[in-house]
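Some notes on the structure that comes next.
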Amino acid sequence: MRSNRGYAAFLVPGALLSLVVIVVPLVMNVGISFTRWQGVGTPEWIGLDNYTRLLEDDNFWASFRNIIFLIVAMAVVPTLIGLVLAAVLFDYVAKAIGPRTASALRSGFYLPQVLPVAVTGIVWGWILNPSFGALNAILTNAHLDGLAKNWLGDPAYALYSVMVVMVWFQVGYPVVMFMSGLRRVDPELYEAAAIDGAGWWRRFTRIAVHHIKPEIYVVLVTTTIAALKIFGQIFVLTRGGPGNATLVPSYFAYQNFFEKAQAGYGSAIATVLALIIVVLSVVFLRIQARDEKRAET
């Protein structure tokens, strides 16, 4: 115990930073959510009025309906695609062409993750522009003019266009995580399965996926949280429009807090969103712990 006391001093800077950056703003946000406040002056205590208002706000429910689609685009689809891409790069490309090529392709898939959100959003805005965008130009040159759309300006296509962009943006993260996990799988297991007549797909689903479950859980948790918190891409691409077609809770909170000067209502939206993120994180972690306990037994 005495020898471990010295490590406590190294935890102090991180604890203070967490207190100032996370705990204090969170407590202040929850407190403001019970008030009517324009961001200046003295807040007026109104109790649960902001939360009861949420229940009757169609925009609030629309933002959470849209976030379900974005969870599919940022968590479910990239995880499935990432599993297949990681397996192909690890089992085929690395062995047939070389590990350097596999690493280069992995880096290429991950590149959108390190690019600034504003840059990627602006570039995709150019690509999807109805007047001079590259996508509509390609469709027109291919004599497919009927398929050219106002991808971000039409409520019927805006959300799906954002979903495609987010799949492109997010898929590199699962690829990197799963390729790292595949390195832990014992090659002898593959050899034994191959001797028993198992094909690549059966070896992948029955051996590889089973061994990289921890990575799958991490990816699902982090990408789901990222989808719930999504703001930058929506801000750059659509600003929640057209109408409420791409409105999400984080941008809805921003609109009320800064654009409409309804800080109390915006804080209530942010508080509900934070609560949902915490609950989902706890659920994911408990499911992961239960599966790990079953695997040990």
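As the structure is a computational prediction, the values presented were derived from the model and not from experiment.
- Note that OG1 of Thr79 and CZ of Phe178 are 5.0 Å apart. Values are rounded to the nearest 0.5 Å.
- For the side-chain hydrogen bond (donor to acceptor under 3.5 Å, both in side chains) condition, no pair includes a residue of residues 277-287, sequence neighbours left out.
- Listed by chain and number, the residues in a side chain to side chain contact (heavy atoms under 4.5 Å, CB included) with Ile81 are Val77, Leu85, Val167, Val171 (sequence neighbours excluded).
- Counting all heavy atoms, side chain and backbone alike, Ala263 lies closest to Gly39 at CB-N, 4.1 Å.
- Within a 6.0 Å radius of CD in Glu188, no more than 12 heavy atoms belonging to other residues, nucleotides or ligands are found.
- Considering only heavy atoms from C-beta on, Gln233 stays 4.5 Å or farther from Met74 through its side chain.
- Listed by first and then second residue, the side-chain hydrogen bond (donor to acceptor under 3.5 Å, both in side chains) pairs that reach into residues 147-160 are Asn136-Trp151, sequence neighbours excluded.
- Hydrophobic clustering, with ILVMFWY side chains joined whenever heavy atoms are under 4.5 angstrom apart, keeps Trp37 apart from Leu48.
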Trace of the side chain to side chain contact (heavy atoms under 4.5 Å, CB included) decision for Leu135 with Asn129: CA-CA 8 Å; Leu135 179 56; Asn129 188 281; over 6 Å; no
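- In this structure, Arg203 contributes its side chain and Ala198 its backbone to a donor-acceptor pair below 3.5 Å.
- The two residues Arg206 and His210 have their closest heavy-atom pair at O-CB, 3.7 Å.
- Other residues, nucleotides and ligands place more than 12 heavy atoms under 6.0 Å from the CZ atom of Arg184.
- Between atom CG of residue Asp91 and atom OH of residue Tyr190 there is a gap of 5.5 Å, rounded to the nearest 0.5 Å.
- Smallest separation of non-hydrogen atoms from Ala245 and Ala158: CB-CB, 4.4 Å.
- In terms of heavy-atom proximity, Pro25 sits nearest to Ile22 at CD-O, 3.5 Å.
- No continuous path of ILVMFWY side-chain contacts below 4.5 Å connects Ile269 to Ile46, so the two sit in separate hydrophobic clusters.
- To the nearest 0.5 Å, atom CG of residue Leu128 and atom CG of residue Leu152 are 5.0 Å apart.
- Applying the ring-ring contact (aromatic ring centres under 6.0 Å, His included) rule to pairs touching residues 67-117 yields Tyr92-Trp200, sequence neighbours excluded.
- Looking at heavy atoms from C-beta onward, Ile67 lies in side-chain contact with Leu228 at the 4.5 angstrom threshold.
- Side-chain heavy atoms closer than 4.5 Å link hydrophobic residues (I, L, V, M, F, W, Y) into clusters, and following such links, even through other members, never connects Ile138 to Phe132.
- Thr223 contributes atom OG1, which lies 12.0 Å from atom CG of Leu70 (distance to the nearest 0.5 angstrom).
- Through direct or relayed side-chain contacts under 4.5 Å between Ile, Leu, Val, Met, Phe, Trp and Tyr, Val12 connects to Leu16.
- Side-chain contact between Asn50 and Phe34 is absent, with no heavy-atom pair separated by less than 4.5 Å.
- Connection of Ile71 to Phe231 is established within a shared hydrophobic cluster, with ILVMFWY side chains joined at heavy-atom distances below 4.5 Å, either directly or through further cluster members.
- When side chains are defined from C-beta on, Leu237 does not count as touching Thr246, because their heavy atoms never get closer than 4.5 Å.
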Extract all donor-acceptor atom pairs below 3.5 Å that involve side chains of residues 271-279 and protein atoms in other chains or at least two apart in sequence.
from: Thr271; atom 1: OG1; to: Asn29; atom 2: ND2; distance (Å): 2.8
from: Thr271; atom 1: OG1; to: Ser267; atom 2: O; distance (Å): 2.7

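- Shown here is Glu44, whose CD atom has more than 12 heavy atoms of other residues, nucleotides or ligands within 6.0 Å.
- Hydrophobic clustering of Ile, Leu, Val, Met, Phe, Trp and Tyr side chains at less than 4.5 Å, counting indirect connections, keeps Val76 apart from Val164.
- Applying the side-chain hydrogen bond (donor to acceptor under 3.5 Å, both in side chains) test to pairs two or more places apart or on separate chains, those with a residue in residues 167-176 are Tyr173-Thr222.
- Looking only at distances, a side-chain donor or acceptor of Gln113 sits under 3.5 Å from a matching main-chain atom of Phe169.
- The line from CG of Leu159 to CE of Met163 is 6.0 Å long, rounded to the nearest 0.5 Å.
- Residues passing the side chain to side chain contact (heavy atoms under 4.5 Å, CB included) test with Val23 are Leu19, Val27, sequence neighbours excluded.
- Inter-residue side-chain proximity for Ile287 and Val283 is flagged as met; some heavy-atom pair is nearer than 4.5 Å.
- Both the sub-6.0 Å distance and the 45° axial angle are satisfied by Arg239 relative to the ring of Phe235.
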Give every donor-acceptor pair under 3.5 Å between a side-chain atom in residues 248-255 and any protein atom, sequence neighbours left out.
from: Ser250; atom 1: OG; to: Ile230; atom 2: O; distance (Å): 2.3

Would you be so kind as to tabulate the donor-acceptor pairs closer than 3.5 Å made by side chains of residues 117-127, with sequence neighbours excluded?
from: Thr120; atom 1: OG1; to: Pro116; atom 2: O; distance (Å): 3.4
from: Thr120; atom 1: OG1; to: Val117; atom 2: O; distance (Å): 2.9

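- In terms of heavy atoms, Tyr51 sits closest to Ser33 at OH-OG, 2.6 Å.
- Residues Val175 and Arg106 approach most closely at CG1-CG, 4.2 Å, considering heavy atoms.
- You'll find the side chain of His211 reaches within 4.5 Å of the side chain of Leu189, heavy atoms only.
- Taking CG from Leu105 and CE from Met179, the interatomic distance works out to 8.5 Å, rounded to the nearest 0.5 Å.
- Contacts classified as side-chain hydrogen bond (donor to acceptor under 3.5 Å, both in side chains) and involving residues 56-74 (residues at least two apart or in different chains) are given here: Asp57-Tyr265, Asn59-Asn244.
- Considering only residues two or more places apart in sequence or on other chains, Glu191 meets the salt bridge (charged side-chain N to carboxylate O under 4.0 Å, His left out) condition with none of them.
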Pair Val88-Val84, side chain to side chain contact (heavy atoms under 4.5 Å, CB included): steps then yes or no: CA-CA 6 Å; Val88 170; Val84 176; 4.3 Å; yes
